[in-house]
Amino acid sequence: MTAAAVPSPVAPRPGDPEITPALVAEHGITPFEYEKLVAMLGRTPTFTELGIVSALWSEHCSYKHSRPVLKTLPTQAPHVLQGPGENAGVISVGDGLAVAFKIESHNHPSAVEPYQGAATGVGGILRDVFTMGARPIAMLNSLRFGNPESARVRWLLAGVVKGIGDYGNCVGVPTVAGDVMFDASYEGNPLVNAMCVGLMREEELITAKAQGIGNPILAVGARTGRDGIHGASFASEDLSEENEAKRPRVQVGDPFTEKLLLEASLELIRSGHIVAIQDMGAAGLTSSSAEMAERGDVGVVIDVTKVPVREPGMTPYEILLSESQERMLVVAKQGHEAAVQAILHRWHLEAEVIGEVIAEPVYRVMEGDRVVAEFPGTRLVTDCPQYHPEARESAQYHPEARESAAIVALRARDPHAVAPRAEEADPAWTLAQLLSSPTVASKRWITRQYDSQVRTSTVAGPGAADAAIVRLYVYLDPRTGARIAVAEAARNVACTGARPLAITNNLNFGNPKKPDVFFQFREAVHGMGDACRALGTPVTGGNVSLYNENPQGAVFPTPTVGMVGLIDDVAHATRMTFTTPGDAIILLGETKDELGGSEYLSRVHGLTIGAPPSVDLEGERRLVETLVEAIGSGVVRSAHDCSEGGLAVALAECCVADRDAMCGAEVRIDDLALPMRSAFFGESQGRVLLSTAEPDRVLAVAARHGVPARRVGTVRADPVLVLSLGGTTLESPLAPLAAAFHDAIPMLMTRAATAAA
């Protein structure tokens with residue numbers, strides 16, 4: 001009798017605990033969900049089945065609260081080869097080439113074990129990309145931490161940065177861009193979002209769809225251990241002090257094995273011996289096998305006794321739910337098992353047949369001759385309940401839940417009514433404060449720990465050009481804030497000379513069962529969709545990370561946008577810094593009387609109030625066209641988006657970001673009839689500073705696209721910044737501005753090391 005013909009029903013496994021209401025609750029399964037499970041099976045589940053469902057029906061795997069909202073996002077375009085639903089999105093970039101890219105979170109693991117949490121987050125996103133058939137060529141990351149004055153925050157920051165650097169550097173994929181921001185809301189729950197971009201030929205695209213009755217299923221790569229068990233469920237819970245005891249759930253990564261697995265997987269895909277490959281990520285063998293079966297609408301049978309393990313006595317429950325790293329599930333062509341194993345052995349990795357694709361519509365798990373889990377058809381995946389929580393913006397303050405603060409009232413507060421500090425009489429003092437803000441300041445202390453030049457393909461590394469870095473206003477107005485996130489990502493890509501093509505997103509929010517949190521999530525997704533439709537940048541996939549909470553409340557709502565663009569000629573790739581004295585400085589876009597939600601209010605006054613700046617999506621589209629055409633014509637020397645800190649900070653960054661080759665600047669817009677703080681530090685959208693030797697050509701391009709543009713100044717050889725706006729002048733040598741920008745984070749970390757000693 002073959003495994004596929006083993007009869008049911010399933011009997012309880014000797015030694016497994018009895019299924020009780022307490023055990024069900026411990027697995028995070030609600031009474032409603034348990035009733036649905038029993039109805040699906042027609043019997044009481046086994047302990048192994050309970051564990052399987054607790055993982056696959058967790059928020060992390062099923063998106064049971066977010067999926068209905070995500071379906072509203074635009075996902076299609078002629079250049080999209082693979083949209084949401086696979087390991088990564090894939091777009092065509094011409095000449096038969098394609099790019100695979102994806103962003104994922106590893107927030108909860110990084111909160112309890114920052115080094116391994118961040119390292120394994122990098123490993124997981126790498127696997128998502130190379131399982132599509134693409135060779136990873138670049139890594140990016142987006143990090144959020146609490147107040148850097150906190151010793152714990154500095155410990156988290158150091159561990160996360162080292163984990164990202166060690167893993168990525170060992171695998172040999174450059175980390176080319178990213179962003180780091182700090183706010184008290186992230187104090188107990190940091191956000192660690194990792195993005196990977198890979199390159200492939202279109203015909204090399206492969207999906208994770210099980211097919212071919214009788215085809216063998218192989219476990220490939222590292223052996224399975226007990227690390228990471230129930231990691232998916234852990235990521236679907238609020239963080240609390242009790243989670244310190246959950247450290248064993250955090251996986252342990254081995255980047256050297258990952259490098260071997262990368263090469264072996266790409267060779268397997270090109271060999272013609274396999275039909276599907278899937279990363280054993282969240283929920284491990286359970287999710288990879290069940291999801292591959294569901295995509296192919298076939299049955300599968302798995303025998304856990306054939307899975308290579310690194311610890312004796314592992315139960316089916318542990319083997320199925322382990323999230324040990326550097327593992328793949330492969331569906332091979334029947335009769336090609338030996339060829340697959342030969343490729344893996346050549347890379348010093350294991351490959352063992354653990355099951356097969358079957359015609360019977362069932363998901364079955366064996367332990368030798370015993371059936372330990374069995375689900376009808378593909379219902380294990382398709383029957384997960386979908387929820388439609390109440391969404392309501394909070395208008396009242398609840399002291400026990402900081403995220404329920406009176407958002408409506410905060411948004412309505414007039415930021416101009418905030419009295420300036422005495423020191424602000426000198427705008428150069430305010431500029432130095434903003435440049436030294438950990439959110440704005442140079443992240444070179446971090447990026448120097450990443451290898452950005454490995455494989456010698458990096459044109460502009462971290463800090464050299466605008467990257468997809470966003471200052472989000474989602475807390476104050478989720479729909480507007482998410483529109484700004486996408487628009488700013490598009491501007492940043494266009495500032496390098498590339499045309500934005502598509503995005504991947506990582507949606508980091510609190511507990512979706514809270515009406516105000518779900519309101520933030522729903523409105524942010526709708527705002528993201530608005531911007532993507534206007535800019536023609538579909539969403540090819542991403543990640544939802546909910547339950548980012550701790551006893552003090554939820555993190556600020558943080559949708560992270562990773563945007564991919566295409567530049568026609570790499571010779572025109574544009575950096576952000578001024579390089580040539582005498583060049584004209586041009587400002588694209590309009591400066592408005594907008595101060596709400598700004599870094600100025602946060603840094604100088606400790607306030608998050610006011611309405612976020614308005615965003616004109618059609619105007620943003622025209623701005624992108626202007627940048628792509630002007631830079632593509634070869635007349636733009638530098639381009640930098642005005643974002644955190646406003647025009648003054650953007651201008652200072654153009655002068656001092658490259659500390660070894662600083663150029664001064666003089667900018668005068670004396671007819672700007674705005675309050676001084678809005679003029680200097682307001683964060684009006686749709687603005688870019690350019691430097692060029694041919695200003696008339698740039699202005700002509702802007703006029704053709706209907707984008708406001710004016711020559712506002714000149715790049716200077718002497719190390720001084722002069723900025724005159726509306727009759728108020730800010731003048732400062734570059735040296736103190738450079739010190740504020742470049743030394744802020746190193747000084748913080750030095751203080752941390754001194755205190756620890």
Side-chain angles (χ1 to χ4, degrees), residues 1-20 23-24 27-29 33-58 61-62 209-219 224 229-230 232-233 278 280 283-307 314-322 329 331 353-385:
M1 179 181 293
T2 66
V6 171
S8 287
V10 182
R13 180 177 178 273
D16 281 352
E18 179 185 357
I19 306 301
T20 65
L23 187 65
V24 172
H27 280 73
I29 299 173
E33 291 169 346
Y34 182 71
E35 290 177 7
K36 190 176 181 71
L37 170 60
V38 171
M40 183 197 346
L41 296 176
R43 56 177 170 78
T44 300
T46 67
F47 179 58
T48 301
E49 288 169 335
L50 191 69
I52 289 172
V53 169
S54 74
L56 288 190
W57 289 11
S58 69
C61 290
S62 72
K209 180 190 294 185
Q211 52 190 328
I213 306 305
N215 277 344
I217 300 173
L218 294 90
T224 296
I229 292 175
H230 266 307
S233 302
Q278 167 93 359
M280 291 194 208
L285 177 57
T286 289
S287 63
S288 55
S289 56
E291 290 170 3
M292 289 176 83
E294 188 274 332
R295 291 189 189 112
D297 196 22
V298 296
V300 298
V301 60
I302 300 290
D303 186 349
V304 294
T305 65
K306 297 179 179 178
V307 177
M314 289 187 68
T315 65
Y317 182 100
E318 293 173 322
I319 292 170
L320 288 165
L321 297 180
S322 167
L329 197 67
V331 178
V353 176
I354 64 169
E356 65 176 306
V357 179
I358 59 176
E360 186 180 359
V362 66
Y363 177 81
R364 179 178 294 137
V365 180
M366 309 289 299
E367 184 184 25
D369 295 332
R370 177 188 293 117
V371 182
V372 294
E374 183 172 290
F375 296 88
T378 58
R379 293 174 63 188
L380 175 59
V381 175
T382 60
D383 277 22
C384 176

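Here, residue 1 is the first one in the sequence, and each next residue gets the next number. Everything numeric in this text was worked out from a predicted model, so none of it was measured.
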*Asks:* Please report the shortest heavy-atom distance between Pro45 and Val38, naming the atom on each side.
*Replies:* CD-CG2, 4.1 Å
*Asks:* At their closest point, which heavy atom of Val381 faces which heavy atom of Ala290, and how far apart are they?
*Replies:* CG2-O, 3.8 Å
*Asks:* Distance from Leu56 atom CG to Leu380 atom CG, nearest 0.5 Å?
*Replies:* 4.5 Å
*Asks:* Indicate yes or no for a side-chain donor-acceptor contact from Ser322 to the backbone of Ile319 under 3.5 Å, with no hydrogens or angles considered.
*Replies:* no
*Asks:* Taking the side chain from Trp57 and the backbone from Ile52, do they hold a donor-acceptor pair closer than 3.5 Å?
*Replies:* no
*Asks:* Is the backbone N or O of Leu320 less than 3.5 Å from a side-chain atom of Thr286, with the two atoms forming a donor-acceptor pair by type?
*Replies:* yes
*Asks:* Side chains of Thr46 and Arg13: closer than 4.5 Å at any heavy-atom pair?
*Replies:* no
*Asks:* Using a 4.5 Å cut-off on heavy atoms from C-beta on, say whether the side chain of Arg43 contacts that of Val10.
*Replies:* yes
*Asks:* To the nearest 0.5 Å, what is the distance between CG on Leu218 and CG on Leu329?
*Replies:* 8.0 Å
*Asks:* Taking all non-hydrogen atoms of both residues, which atom of Glu33 and which atom of Gly28 are closest, and how far apart?
*Replies:* OE1-O, 4.0 Å
*Asks:* Can you measure from CE (Met40) to OG1 (Thr382) and round to the nearest 0.5 angstrom?
*Replies:* 8.0 Å
*Asks:* Would you check if Leu41 and Phe375 make a side-chain contact, meaning some heavy-atom pair closer than 4.5 Å?
*Replies:* yes
*Asks:* Sub-3.5 Å donor-acceptor pair from the side chain of Thr48 to the main-chain atoms of Ala373, do we have one?
*Replies:* no
*Asks:* Does NZ belonging to Lys306 count more than 12 external heavy atoms closer than 6.0 Å?
*Replies:* no
*Asks:* Determine whether Val304 and Met366 satisfy the following criterion, side chain to side chain contact (heavy atoms under 4.5 Å, CB included), listing intermediate values before the conclusion.
*Replies:* CA-CA 6 Å; Val304 294; Met366 309 289 299; over 6 Å; no
*Asks:* So how far is it from Gln278 CD to Lys209 NZ, rounded to the nearest 0.5 Å?
*Replies:* 13.0 Å
*Asks:* Can you measure from OG (Ser289) to CD (Glu294) and round to the nearest 0.5 angstrom?
*Replies:* 12.5 Å
*Asks:* Say you draw a straight line from OG1 of Thr224 to CD of Glu318; how long is it, rounded to the nearest 0.5 Å?
*Replies:* 11.5 Å
*Asks:* If I compare all heavy atoms of Gln211 with all of Val331, which pair ends up nearest, and what's the gap?
*Replies:* O-CG1, 3.9 Å
*Asks:* Give me the atom names and distance for the closest heavy-atom approach of Ala210 to Val357.
*Replies:* CB-CG2, 4.3 Å
*Asks:* State whether the side chain of Glu367 and the backbone N or O of Thr305 hold a donor-acceptor pair below 3.5 Å, judged by distance alone.
*Replies:* no
*Asks:* I want to check something: taking the side chain as every heavy atom from C-beta on, are Met292 and Val300 in contact at a cut-off of under 4.5 Å?
*Replies:* no
*Asks:* Taking the side chain as every heavy atom from C-beta outward, state whether Tyr34 and Thr44 have any atom pair closer than 4.5 Å.
*Replies:* yes
*Asks:* What pair of heavy atoms forms the shortest contact from Leu285 to Ile354, and how long is it?
*Replies:* CD1-CD1, 3.9 Å
*Asks:* On the 0 to 90° scale, with breaks at 30° and 60°, tag the His27-Phe47 ring pair as parallel, tilted or perpendicular.
*Replies:* perpendicular
*Asks:* Main chain of Gly355, side chain of Asp303: is a donor-acceptor contact present, judged purely on distance under 3.5 Å?
*Replies:* no
